[in-house]
Amino acid sequence: MRPGYDEYFMKIARIVAERSTCRRRAVGAVIVKEGRILATGYNGAPKGLKHCEEVGCLREQMKIPAGERHELCRGVHAEQNAVIQAAVFGVSIKEGTIYTTHFPCSVCVKILINAEMREIVHAEGYPDELAKKLLEESRIRLREFHG
């Protein structure tokens with residue numbers, strides 16, 4: 001049976017997440033507009049740098065809970081990488097929808113607000129109360145994907 005757009009794009013986000021090099025959580029993101037994929041991203045170290053799989057995870061070593069101390073992570077988040085990919089290739093994502101395997105953190109939410117995204121569709125949760133508060137103040141529509 002032919003999948004609807006939500007199922008289709010979330011399946012793609014999950015496949016993108018398979019490229020992740022994060023030791024704690026594999027995350028994938030797909031930015032779409034008018035039913036077309038504009039950019040993808042997964043979480044991992046910046047281009048050309050050693051992956052967390054190779055050098056270890058500082059947040060893991062320090063036993064930092066999920067949703068805290070993002071600045072200590074050497075990785076770039078999936079949502080950030082998707083926005084960066086669009087910028088590098090000169091693709092406007094304004095008024096787009098981002099499908100992401102996990103609820104975005106507060107850093108990613110701020111980026112998505114400033115990128116003027118219209119909607120965030122996420123599958124799994126993530127414990128970041130500031131992200132939730134920022135989204136409540138924004139004009140971005142938030143939907144949880146069940147499927």
Side-chain angles (χ1 to χ4, degrees), residues 1-47 49 51-53 57-60 62 64-147:
M1 181 189 236
R2 185 176 187 205
Y5 279 127
D6 282 352
E7 183 181 356
Y8 174 65
F9 291 128
M10 194 58 74
K11 280 183 178 181
I12 294 170
R14 288 180 173 138
I15 291 169
V16 171
E18 293 177 11
R19 295 276 306 148
S20 171
T21 59
C22 179
R23 295 167 49 105
R24 290 170 62 132
R25 177 179 287 106
V27 180
V30 177
I31 299 175
V32 305
K33 188 160 50 172
E34 297 175 10
R36 302 288 182 250
I37 295 172
L38 302 178
T40 65
Y42 55 87
N43 55 332
K47 284 183 184 180
L49 302 187
H51 297 294
C52 303
E53 295 168 331
C57 175
L58 182 60
R59 292 180 70 228
E60 193 175 71
M62 295 175 71
I64 296 171
E68 297 178 16
R69 304 293 313 268
H70 297 109
E71 76 279 5
L72 295 177
C73 179
R74 85 183 269 113
V76 181
H77 289 189
E79 301 91 335
Q80 295 167 12
N81 273 324
V83 171
I84 291 164
Q85 183 184 80
V88 166
F89 290 102
V91 177
S92 174
I93 58 172
K94 182 177 181 175
E95 296 298 319
T97 296
I98 188 165
Y99 287 83
T100 183
T101 57
H102 293 72
F103 183 84
C105 74
S106 56
V107 175
C108 290
V109 164
K110 290 184 276 187
I111 290 169
L112 296 173
I113 290 169
N114 279 0
E116 299 184 35
M117 298 300 296
R118 179 176 32 116
E119 183 175 38
I120 297 169
V121 181
H122 71 94
E124 296 182 40
Y126 187 73
D128 191 326
E129 291 304 313
L130 177 57
K132 292 173 187 170
K133 289 177 183 168
L134 292 169
L135 282 171
E136 287 171 6
E137 290 181 48
S138 79
R139 63 168 197 80
I140 295 177
R141 181 177 175 210
L142 177 67
R143 289 191 296 125
E144 185 172 356
F145 175 78
H146 300 281

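With values rounded to the nearest 0.5 angstrom, L72 atom CG is found 5.5 Å from L58 atom CG. To the nearest 0.5 Å, the span separating NE2 on H77 from OH on Y42 amounts to 15.0 Å. The SG atom of C57 sits 10.5 Å away from atom CZ of R74, with the distance rounded to the nearest 0.5 Å. The CD1 atom of I93 sits 4.0 Å away from atom CD1 of I31, with the distance rounded to the nearest 0.5 Å. Atom-to-atom distance recorded for I12:CD1 and T101:OG1 is 13.5 Å, nearest 0.5 angstrom. Considering NE2 of H146 and CE of M10, their distance stands at 10.5 Å, rounded to 0.5 Å.
At a threshold of 4.0 Å, the pair E95-R139 counts as salt-bridged, since one of the basic side-chain nitrogens sits closer than that to a carboxylate oxygen. A salt bridge links E60 with R23: at least one charged nitrogen is closer than 4.0 Å to a carboxylate oxygen. Contact check on E129 versus K133 returns no salt bridge, with no Lys/Arg side-chain nitrogen under 4.0 Å from an Asp/Glu carboxylate oxygen.
Under a 3.5 Å cut-off, the side chain of Y5 and the backbone N or O of G35 do not form any donor-acceptor pair. R19 contributes no side-chain N or O that, together with a main-chain N or O of G44, makes up a donor-acceptor pair within less than 3.5 Å. A distance-only check finds a donor-acceptor pair linking the side chain of R59 to the backbone of P65 [under 3.5 Å]. E79 places no side-chain N or O within 3.5 Å of a backbone atom of C108 that could act as its donor or acceptor partner. Formation of a donor-acceptor pair under 3.5 Å by the S138 side chain with backbone atoms of I113 is not found in this model. In this structure a side-chain-to-backbone donor-acceptor pair under 3.5 Å is missing from T21 to C52.
Taking 4.5 Å as the limit, some side-chain heavy atom of V30 sits within range of a side-chain heavy atom of V32. Inter-residue side-chain proximity for R141 and R118 is flagged as unmet; no heavy-atom pair is nearer than 4.5 Å. At a threshold of 4.5 Å between non-hydrogen side-chain atoms, the residues F9 and I37 count as touching. Annotation: side chain of Q80 is in contact with side chain of I111 (closest heavy-atom distance under 4.5 Å). The shortest side-chain heavy-atom distance between K132 and L130 does not fall under the 4.5 Å cut-off. In this structure, V76 and I84 have side chains that are in contact, with non-hydrogen atoms separated by less than 4.5 Å. Side-chain contact between K33 and S92: present, with at least one pair of heavy atoms (C-beta onward) separated by less than 4.5 Å. Contact check for Y126 versus P104: no side-chain heavy atoms found under the 4.5 Å cut-off.
Scanning all heavy atoms of the two residues, the minimum distance from V27 to N43 falls at N-OD1, 2.9 Å. For the residue pair A66 and R25, the shortest heavy atom distance occurs at CB-NH2, 3.9 Å. Nearest heavy atom pair, residue Q85 against residue T40, reads OE1-N, 2.8 Å. Between A17 and A26, the shortest heavy-atom distance links the atoms O-CB, 3.6 Å. Taking both residues in full, the closest heavy atoms of I98 and A29 are given as CD1-CB, 3.9 Å, listed atom of the first, atom of the second, then distance. For E53 against S20, the heavy-atom pair with the smallest separation is OE2-O, 4.1 Å.
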As a quick check of understanding, evaluate side-chain contact (heavy atoms from CB on, under 4.5 Å) for K110 and L134, giving each step before the final call. CA-CA 8 Å; K110 290 184 276 187; L134 292 169; 3.7 Å; yes

Mind running side-chain contact (heavy atoms from CB on, under 4.5 Å) on I120 and T97 for me, showing each step along the way? CA-CA 6 Å; I120 297 169; T97 296; over 6 Å; no

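Taking the six-membered ring where tryptophan is involved, the planes of H122 and F103 are perpendicular, since the angle between them exceeds 60° and thus also 30°.
Counting heavy atoms of neighbouring residues, nucleotides and ligands inside a 6.0 Å radius, atom OH of Y8 does not exceed 12 of them.
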